[in-house]
Amino acid sequence: MKVNVKNHEDNGASNFIGISIINGDRKISFLNYGARVCEWIVPDKDGKHEDILLGHEDPTDYLVHPYYFGAAIGRTAGRIRNGEAVIGSTPLKLTQNDGPHHLHGGSHGFDTLYFDHEIEEQEDRVSIIFNSTLDDMTDGYPGNLDIEIRYTYTEDDRLTIDYRITTDQETLVNPTNHMYFNLNGDLKDDILNHTVNFGNAEYGKVDEMVLPLGENGIIKSNEKTIAFRELVESPDPQFSQFNGLDHPFMMTEESVVLSTPNGRSIILESEDPVVVVFTSNDFNFSDATGRRFYPYCGLTLEAQMPPDDINMNPSSKTILPAGGTFAKRTVYQFNIQ
Ligand code: GLA
């Protein structure tokens, strides 16, 4: 395996550092800004190599577009109602960056940090270790935070994400990753031909501003897999209100398989109870290089604790005590079937 590091100083974007891991004819690329996964080039069953992630060639696009492409998300993934939460007896007033609500850790979330990086190379794997910090009371959260996000890519095209977060005061932590997959490759077709093995999927119903209602819905399916076209085009008001999905799905098995007819699949392995699936319902923009992003051009699989858990569950595991360490692992395994 080979590693290339590109300092983007040459195009005036001096803070941006891109790191690519080359695994034979496959390639995966990261960016220090937001500890992002920007590109994942893999073959289909006919040996055609294409990018299965949404990303930008020009890193300054990540400053402009608000969709968290490939980014590390934190301190907390998803929305917190009205930016209000109470931990212990301490009321928090978090940045309201999504109407009246708090989204994806606020305006100075993990996605906005320029992470330091280290590279560890071994025979069959490469790890990129991104480190950064957040100061006490950034976006209203107590605690100085040390954040380590370790991406490990192995020869068998397995991307492992290890999170390790420490705090010096009681705070909230619920990180995830916001990669958008399109297994058709190079954005040439939308994700409506993808399937996922949620089976009779249980999902959390949400209100019109995507806040959990505390009630669950079930998608009855005779098949082991559910077709995205059926869900996105479903007359169920839960889905039609957004012209698609923006919902937490319960992890009922240890893994979730996302597939396409071209033989590519991604297996997500996680111990998290929930996977938030967002199907880029409202996308309609072009980036600096003219790449066009359109409705359903990608979908996320955000493994996490439930969004707004702190307001739904008094003993929420999103509370990290002073001096505590949060650690979790999420794996995305690429396969050709
Ligand atoms: C999450 C949210 C969506 C949307 C996207 C990014 O997945 O649930 O509503 O905000 O992030 O834009």
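Read the numbers this way: they start at 1 and go in the same order the structure lists the ligands and their atoms. Every value quoted in this text rests on a predicted model; they were computed, and no experiment measured them.
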Check your understanding: With only distance considered, is Arg79 within less than 3.5 Å of ligand 1 through an N or O on each side?
Key -> yes
Exercise for review: Verify the distance criterion only: is there a donor paired with an acceptor across the side chains of His102 and Tyr141 at less than 3.5 Å?
Suggested key: yes
Check your understanding: Would you call Leu103 a ligand 1 contact, heavy-atom distance under 4.0 Å?
Key -> yes
Practice item. Starting from atom 7 (O) of ligand 1, locate the nearest protein heavy atom and write down its residue, its atom name and how far away it is, to 0.1 Å. Key: Glu302 OE2, 2.9 Å
Review point. Do the charged groups of Arg79 and Asp207 touch, with an N to O distance under 4.0 Å?
Key: no
Practice item. Determine yes or no for a side-chain-to-main-chain donor-acceptor pair under 3.5 angstrom, with Thr260 supplying the side chain and His194 the backbone. Key: no
Review point. Can a non-hydrogen atom of Tyr180 be found less than 4.0 Å from any atom of ligand 1?
Key: yes
Review point. Looking at side-chain heavy atoms only, is the closest gap between Phe69 and Val37 below 4.5 Å?
Key: no
Study note, to complete from the structure: Taking only non-hydrogen atoms of Tyr68 and a 4.0 Å limit, the atoms of ligand 1 in range are 6 (C)
Review point. How far is atom 1 (C) of ligand 1 from its nearest protein heavy atom, and which residue and atom name does that atom have?
Key: His104 NE2, 3.1 Å
Practice item. May I ask you to decide if the ring planes of His178 and His104 are parallel, tilted or perpendicular, using 30° and 60° as cut-offs? Key: perpendicular
Check your understanding: How are the rings of Tyr203 and Phe249 set relative to one another: parallel (under 30°), tilted (30 to 60°) or perpendicular (over 60°)?
Key -> tilted
Practice item. Say whether Asp246 and ligand 1 are in contact under the criterion: heavy-atom distance to a ligand atom below 4.0 Å. Key: yes
Point to revise | Min N/O separation His178 to ligand 1 under 3.5 Å | key: yes
Exercise for review: Could you grab the distance from atom OH of Tyr151 to atom OG1 of Thr160, nearest 0.5 Å is fine?
Suggested key: 12.0 Å
Practice item. Please write down residue, atom name and distance for the protein heavy atom closest to atom 12 (O) of ligand 1. Key: Tyr67 CD2, 3.3 Å
